[in-house]
Protein chains: 2
Amino acid sequence: MQVRLKNRKQQIVDLALELLQTRGFENFSYQDLARQLGITKASIHHHFPKKEDLGVALCQAIQDWHEREFSKSRAFAGSALEKLDRYVRGTLRYGGCEKKICPLSSLQADIASLPEAMRPALKRLDDHELEFVAELLQQGRDNGELSFPGDVRAQAVLVVLTCKAALQYSRVHGSEMFDEAMAQMKQLMVASQ
Amino acid sequence: MQVRLKNRKQQIVDLALELLQTRGFENFSYQDLARQLGITKASIHHHFPKKEDLGVALCQAIQDWHEREFSKSRAFAGSALEKLDRYVRGTLRYGGCEKKICPLSSLQADIASLPEAMRPALKRLDDHELEFVAELLQQGRDNGELSFPGDVRAQAVLVVLTCKAALQYSRVHGSEMFDEAMAQMKQLMVASQ
DNA sequence: GTCTATAGCTAGATAGAC
DNA sequence: GTCTATCTAGCTATAGAC
């Protein structure tokens with residue numbers, strides 16, 4: 001029935017997103033999805049004929065997540081530092097635990113093997129995120145909460161890059177490394193110049 | 001003959017390292033290696049019976065590279081900033097071009113699927129690299145070239161993380177993003193406090 | 001050291017019954 | 001929408017000839 005179709009599709013996307021963050025796009029299979037959902041591979045193929053189709057749906061799901069989170073942040077009546085904290089502890093992680101990295105980092109790592117259709121989507125998602133963080137930093141610098149030299153965009157690149165890599169490292173070295181990196185980053189942006 | 005054995009083994013490791021940096025450990029096969037070297041899969045298995053054995057050899061090769069590069073840097077009579085530049089443009093890249101990321105980042109991304117034997121090796125390699133960069137930053141702060149708040153180790157984490165992520169991003173967004181991130185990072189370390 | 005041949009498995013994907 | 005059955009292709013790995 002139509003109702004279950006949507007639910008099932010959503011279940012598949014949710015699980016695939018989790019496997020993307022823990023194992024990478026090329027390192028989970030329709031078999032993995034089928035087993036964990038209690039259905040067969042053929043059923044997954046019914047919803048997403050090719051894995052590439054699933055990949056595109058994953059990008060769309062991330063896009064939706066971004067849009068929800070970014071507009072929540074814009075509506076949130078807090079300081080730039082608080083918003084940045086919410087980004088670091090929430091948005092960036094996509095409901096993540098210690099074993100999950102950012103789904104965009106995961107896709108970047110597999111870029112050479114990724115289906116062609118996913119690459120422009122990935123680039124757009126990265127750009128969208130950078131734009132959002134740049135907006136945050138701009139606000140913070142304007143009202144004096146943050147201080148850093150140079151271009152806002154360049155600093156946004158630095159912040160986003162650090163967050164992503166910190167998630168990747170913390171999977172190998174423990175979450176203290178994530179906290180250490182975030183604390184140092186913050187110190188640089190309130191102490192500099 | 002013994003002489004060719006060593007050469008062949010080295011050829012395999014060199015090529016595997018390149019594929020590790022471009023595609024990831026789980027995304028190249030003995031078939032890929034065999035094809036590009038003009039031999040058969042069975043021959044690769046002669047040198048590295050299991051893929052895990054090849055993986056361990058890759059870690060060892062990276063370790064050797066680190067040791068060579070780090071001691072060259074220590075012997076180099078330049079400023080801390082110059083040494084940092086050499087790290088960013090040379091050591092970090094492992095002979096890399098625009099399509100290659102750091103081999104350690106690549107292994108981190110695949111951590112969940114990696115053979116058990118490679119994980120402690122990966123952690124040790126990361127730590128070794130962090131130690132080296134911390135040493136550089138310490139020297140730079142001591143002689144007044146660099147200035148940054150907080151712990152040297154924490155700043156080293158920040159620098160290394162940024163470099164690694166910048167390589168990953170630049171594969172998707174072009175090398176200008178790498179340059180932009182490095183420039184901003186440097187600005188923060190000479191301008192702050 | 002390199003080869004042919006092959007085992008055993010898993011991947012993505014499709015056809016067709018229900 | 002989900003199933004069984006099946007296909008093709010790729011993977012890691014091994015045995016044994018040369």
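Residue numbers begin at 1 in each chain, while the letters A, B, ... track the order of the sequences.
Side-chain atoms of A/Asp126 and A/Gln108 form a donor-acceptor pair, as typed in the model, at a separation below 3.5 Å.
Residues meeting the side chain to side chain donor-acceptor pair (under 3.5 Å) test with B/Glu26, sequence neighbours left out: none. Residues meeting the side chain to side chain donor-acceptor pair (under 3.5 Å) test with A/Glu67, sequence neighbours left out: A/Gln63. For B/Ala80, the side-chain contact (heavy atoms from CB on, under 4.5 Å) partners are B/Gln139, B/Glu145, not counting sequence neighbours. For B/Asp142, the side-chain contact (heavy atoms from CB on, under 4.5 Å) criterion is met by B/Gln138, not counting sequence neighbours. Legend: residues meeting side-chain contact (heavy atoms from CB on, under 4.5 Å) with A/Ala117, ordered by chain and number and at least two apart, are A/Glu52, A/Val56.
The distance from atom CG of A/Leu33 to atom C1' of C/dA11 is 13 Å, rounded to the nearest whole Å. The interatomic distance linking A/Ile44 (CD1) with C/dA11 (C1') rounds to 14 Å, in whole Å. Note: NE2 (B/His46) to C1' (C/dT4) measures 16 Å, nearest angstrom.
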Can you check each nucleotide of nucleotides 5-18 of chain D against protein heavy atoms at under 4.0 Å and return B for base, S for sugar-phosphate only, - for none, in 5' to 3' order? ------SBBBB---
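OP1 or OP2 of C/dC3 lies within a sub-4.0 Å distance of a side-chain N or O belonging to B/Ser43.
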